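For reference, the structure discussed in these notes is given below.
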2 protein chains.
Amino acid sequence: MGAKGLTRKKVVEEAIACIESTGHSVVSLHELARRLGIKTPSLYNHIESMKELQYEVFRYAVSSFVKHQNAATAGLEKDAAVRAFADAYYDFASTHKGLYRLIMSMPSAEDERDKEAALPLLNTARAILSQYGLAEESIAHWQRVFRAILHGFISQEDLGYFYYYDSLDLEKSRKIAVQCFLDGLHAELGEKRAEE
Amino acid sequence: MGAKGLTRKKVVEEAIACIESTGHSVVSLHELARRLGIKTPSLYNHIESMKELQYEVFRYAVSSFVKHQNAATAGLEKDAAVRAFADAYYDFASTHKGLYRLIMSMPSAEDERDKEAALPLLNTARAILSQYGLAEESIAHWQRVFRAILHGFISQEDLGYFYYYDSLDLEKSRKIAVQCFLDGLHAELGEKRAEE
DNA sequence: ATTGGAAAACTAACACTGTTAGTTGCATAA
DNA sequence: TTATGCAACTAACAGTGTTAGTTTTCCAAT
């Protein structure tokens, strides 16, 4: 054992804590080492690289997000579940800016391992929408639409693209967005029923 | 005049060309200098800083995007205009990945100048929606929802979060998303009419 | 209890960012 | 032709992440 009893787990935990407190999706190794009371290169006794550390934190972020969403929608059905999911999504992204930004800055398309780690994220939205009795293909489409709205909203708000009419209630905009999704979904369901 | 007749304008243009060709929202000064046939520090004879160069490219990106959107929706009304706007938006983001990413990575909330430069972006969507005869406040809300959907979709696709069911047609998802927005908007219009 | 070996800390250094200071050289205006 | 100024240059700094090589520290086996 080394002088300070540091482990890989503790390093990752400190990185998470750092990201949580700063709100940035990345933590500099310098800052991380400072907080752990060691010099920067010493970190490499516990992690292989920055990329690897990020991957570790990413997994935590995904797991944390999924748990949050599942807890918020447990026992709810259809529209109520959708609304709760949307609220919880917004809540997580606001409260854990750094983790959410990390989730949404992973170039998953390139790294096969990242893609796999991100899979649980998609299933959360799918689970909710599968209650409507749609075909698998439709669920996949609507789950994309749902996530697009949720992320698009948070992303633009975060970027500052919603602050131009700052007299305007953000929460109301969000309610309208979710209602819009539900109306669209209901319209689809109506068509489906009409076909039968 | 210097040896190579370089001007600030030419530097910015090369930066734009570089961003267009790489698809990244930033260009390294090293790469930029290399392409211009000079050494990195020489760039500072023409630009004040990286931030300033980015701002210049950002203004170009905004202007370019706005022109693109206006051209695509000229003469169209209501739903047709909305659909054309959405198609054009997607087209721009796909064709000019670097410029779009730059637009969507400006921390506008912090810099007052960036915010102002971004204003035209918002007016494009607003102009389309103002045709529906909604109240100013409603337009502002629905313009947020519209942009949230459009950006959310592109962003997630770009991140690779749509490639899990890659058998599934992306274009169809996009059509559903736009139709969802229109259905939601129509529902709002219906309510408004019912109130009268 | 002493010693050997492993694990983890350290310092020094490299490559890569953006950036500044100080110097050289070309080109146009006088 | 000369002089002024602009634009190129080299050298260097601070900041990233990272590697090599060295020293320290602790735990385990004798």
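So you know, we letter chains A, B, ... as the sequences are listed, proteins then strands, and number each from 1. Note that the structure is predicted; figures quoted are calculated from it, not measured.
The distance from atom CG of A:L43 to atom P of C:dA9 is 9 Å, rounded to the nearest whole Å. Counting to the nearest Å, the P atom of C:dT17 and the NZ atom of B:K51 are 21 Å from each other. For the pair B:I38 CD1 and C:dC26 C1', the interatomic distance rounds to 15 Å; values are reported in whole Å. Between A:K39 atom NZ and D:dG21 atom P there is a gap of 21 Å when expressed in whole angstrom units. Remark: P of D:dA8 and CD1 of B:I47 are 12 Å apart, rounded to the nearest angstrom. Atom CG of A:L6 is separated from atom P of C:dA9 by 5 Å (rounded to the nearest Å). Straight-line distance from the CD atom of B:E48 to the P atom of C:dG18: 16 Å, rounded to whole Å. The distance from atom CG of A:L36 to atom P of C:dC10 is 11 Å, rounded to the nearest whole Å.
Between the side chain of B:Q143 and the backbone N or O of B:L129 there is no donor-acceptor pair closer than 3.5 Å. Proximity of a side-chain donor or acceptor of A:R101 to a complementary backbone N or O of A:G23 within less than 3.5 Å is detected. A donor-acceptor pair under 3.5 Å is formed between the side chain of A:H186 and the backbone N or O of A:L182.
Counting non-hydrogen atoms under 4.0 angstrom, A:S49 reaches the backbone sugars and phosphates but no base. Contacts of A:S42 with the nucleic acid, taken as non-hydrogen atoms under 4.0 Å apart, include base atoms. Counting non-hydrogen atoms under 4.0 angstrom, B:S28 reaches the backbone sugars and phosphates but no base.
Mapping B:H46 and A:M50 onto DNA chain D by nearest heavy atom places B:H46 at the nucleotide closer to the 5' end.
When each of C:dT17, C:dA9, C:dT11 is scored by its nearest atom to the side-chain atoms of B:H30, the top-ranked nucleotide is C:dT17.
Just one of B:Y60, B:F92, B:F85 meets the ring pair (Phe, Tyr, Trp, His ring centres under 6.0 Å) condition when paired with B:F65; it is B:F92.
Separation of the B:Y100 and B:H151 ring centroids falls under the 6.0 Å cut-off.
With hydrogens and angles left out, the side chain of B:N45 and the base of D:dA8 share a donor-acceptor pair within 3.5 Å.
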